[in-house]
Amino acid sequence: MVRILGFAFALTVAGPAAAAPTAQDMAELVRLFTGEFDSHDQYRAEERAGIPESERHTEVYIHNVPVQVPALGAPAFYIEEYRDGDPEKVIRQRVATLEVDAAENAIRMKLYFIKDDKAVRGAHRDPTKLANLTKDNTFLLPGCDILWTRDGDNFNGAMKDSCIFAMKPGDPERRVIYRIVLSELNYLRVDRSVYVTDGKTAGGRADDIPSMHKRVTSLP
């Protein structure tokens with residue numbers, strides 16, 4: 001249980017379900033993941049509470065839009081995120097695909113990085129920009145898929161400890177700590193990395209207090 005400015009939120013990832021996810025589980029995850037989410041309220045609440053700007057959660061706006069990218073798989077989403085209320089400050093662009101992973105008793109989300117991401121920027125408004133994407137002009141980080149499991153009306157997502165990468169050849173390796181709780185109203189996320197050698201923070205916050213993104217758009 002995490003407490004943020006007087007409000008309590010659970011951000012624990014449940015163990016694998018007793019059986020592989022059903023088609024109904026997949027459809028519900030697609031429904032909940034679809035939409036726009038904004039952490040503006042959390043940022044402003046921390047500002048009003050007098051938390052120094054360097055210690056506040058970054059204000060991030062998320063677009064998760066269902067798209068058709070046959071070369072990568074289906075269902076698929078285009079993800080574009082920006083910070084500070086400025087659509088020009090894009091911090092993340094991905095194509096995400098979903099598939100049932102019976103061995104993990106989970107729904108596996110693959111996150112495709114786009115080699116020329118600026119060429120498809122704004123694809124949440126114009127999905128035709130994604131028409132030429134293939135496995136040749138995108139790439140995956142090995143071990144960095146998100147595994148989703150259902151927890152009542154919510155879904156919990158997490159990357160395994162095997163999500164390890166270096167920013168560029170020769171740089172020290174980082175391990176990603178990435179967890180999500182997705183509900184009808186909220187998208188809570190821990191997203192940080194630590195150096196493999198000493199466990200010190202390499203990127204993101206130095207704690208596991210999640211960013212809280214409220215749903216902006218209506219559920220499909």
Side-chain angles (χ1 to χ4, degrees), residues 1-4 9-17 33 37 39 42-43 46 51-60 62 64 72-73 77 79-84 89-99 101-118 135-149 151 155-182 187-213:
M1 184 73 70
V2 178
R3 190 166 297 277
I4 307 173
F9 303 100
L11 193 62
T12 57
V13 177
F33 195 75
F37 305 83
S39 65
Q42 181 185 32
Y43 180 85
E46 292 178 346
I51 296 173
E53 186 169 4
S54 61
E55 297 177 19
R56 297 175 207 154
H57 286 78
T58 303
E59 182 181 357
V60 175
I62 300 172
N64 293 335
L72 302 183
F77 286 87
I79 300 169
E80 185 166 310
E81 303 181 8
Y82 63 83
R83 60 175 294 165
D84 303 332
K89 294 183 178 179
V90 175
I91 59 172
R92 178 171 286 147
Q93 291 176 254
R94 307 281 189 272
V95 171
T97 62
L98 295 170
E99 60 189 49
D101 188 327
E104 293 282 357
N105 291 325
I107 296 173
R108 179 179 293 274
M109 176 177 276
K110 294 181 178 179
L111 296 172
Y112 288 89
F113 290 70
I114 303 160
K115 292 180 181 178
D116 186 5
D117 54 6
K118 290 183 179 178
K135 291 185 178 178
D136 292 329
N137 51 29
T138 60
F139 65 95
L140 299 167
L141 288 181
C144 296
D145 297 347
I146 300 173
L147 296 176
W148 292 94
T149 54
D151 182 15
F155 280 87
N156 299 322
M159 292 181 183
K160 289 191 168 183
D161 288 344
S162 57
C163 184
I164 295 173
F165 72 100
M167 294 296 288
K168 60 180 185 240
D171 280 1
E173 289 188 323
R174 305 177 179 206
R175 179 174 61 84
V176 175
I177 299 168
Y178 193 95
R179 297 193 294 273
I180 300 173
V181 173
L182 179 63
Y187 181 116
L188 276 62
R189 182 169 68 189
V190 168
D191 181 5
R192 67 186 181 99
S193 61
V194 297
Y195 290 113
V196 172
T197 52
D198 57 16
K200 292 182 178 179
T201 299
R205 295 177 61 89
D207 55 41
D208 285 341
I209 299 176
S211 56
M212 180 183 173
H213 307 265

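Index from 1, following the sequence. Everything numeric here is computed off the predicted structure, so don't read it as measured data.
- With Arg179 contributing its side chain and Leu188 its backbone, the two residues share no donor-acceptor pair below 3.5 Å.
- Without hydrogens or angle criteria, Arg56 side chain to Ile51 main chain gives a donor-acceptor distance under 3.5 Å.
- Here Asp208 pairs with Arg192 in a salt bridge; the nearest charged N to carboxylate O distance falls below 4.0 Å.
- How far CZ of Phe165 is from SG of Cys144: 7.5 Å, rounded to the nearest 0.5 Å.
- Listed for the His57 side chain is a donor-acceptor partner under 3.5 Å among the backbone atoms of Ile209.
- Closest approach of Ser39 and Thr58 over heavy atoms only: OG-O, 3.3 Å.
- Formation of a donor-acceptor pair under 3.5 Å by the Gln93 side chain with backbone atoms of Asp117 is found in this model.
- The ring pair (Phe, Tyr, Trp, His ring centres under 6.0 Å) check on Tyr112 picks up nothing, with sequence neighbours excluded.
- Rounding to the nearest 0.5 angstrom, the gap separating the CD atom in Glu173 from the CE atom in Met167 is 13.5 Å.
- Going from atom NZ of Lys160 over to atom CD of Glu104 covers 3.5 Å, rounded to the nearest 0.5 Å.
- Of all the heavy atoms in Met159 and Val176, the pair that sits closest is SD-CG1, 3.8 Å.
- Closest approach of Thr149 to Asn105, counting heavy atoms only: CG2-O, 3.8 Å.
- Considering all non-hydrogen atoms of both residues, Asp101 and Arg108 come closest at OD2-NH2, 2.8 Å.
- Summarising the geometry, atom CZ belonging to Phe33 is positioned 12.0 Å from atom CZ belonging to Phe155; distances are rounded to the nearest 0.5 Å.
- Heavy-atom minimum distance, Ala96 versus Leu111: CB-CD2, 3.8 Å.
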Scan the side chains in residues 193-203 for donor-acceptor partners under 3.5 Å anywhere in the protein, sequence neighbours excluded, and list what turns up.
residue	atom	partner	partner atom	Å
Ser193	OG	Gly203	N	3.2
Asp198	OD1	Lys200	N	3.0

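- A tilted orientation is assigned to the rings of Tyr187 and Phe37, their planes being inclined by 30° to 60°.
- Evaluation of the side-chain hydrogen bond (donor to acceptor under 3.5 Å, both in side chains) rule for Asn64 yields no partner, not counting sequence neighbours.
- Nearest heavy atoms, Ile91 versus Val60: CD1-CG2, 3.9 Å.
- Remark: Lys110 NZ to Thr138 OG1 distance equals 11.0 Å, nearest 0.5 Å.
- In this structure a side-chain-to-backbone donor-acceptor pair under 3.5 Å is present from Gln42 to Met212.
- Separating the CZ atom in Arg92 from the CD atom in Glu80 is a distance of 12.0 Å, to the nearest 0.5 Å.
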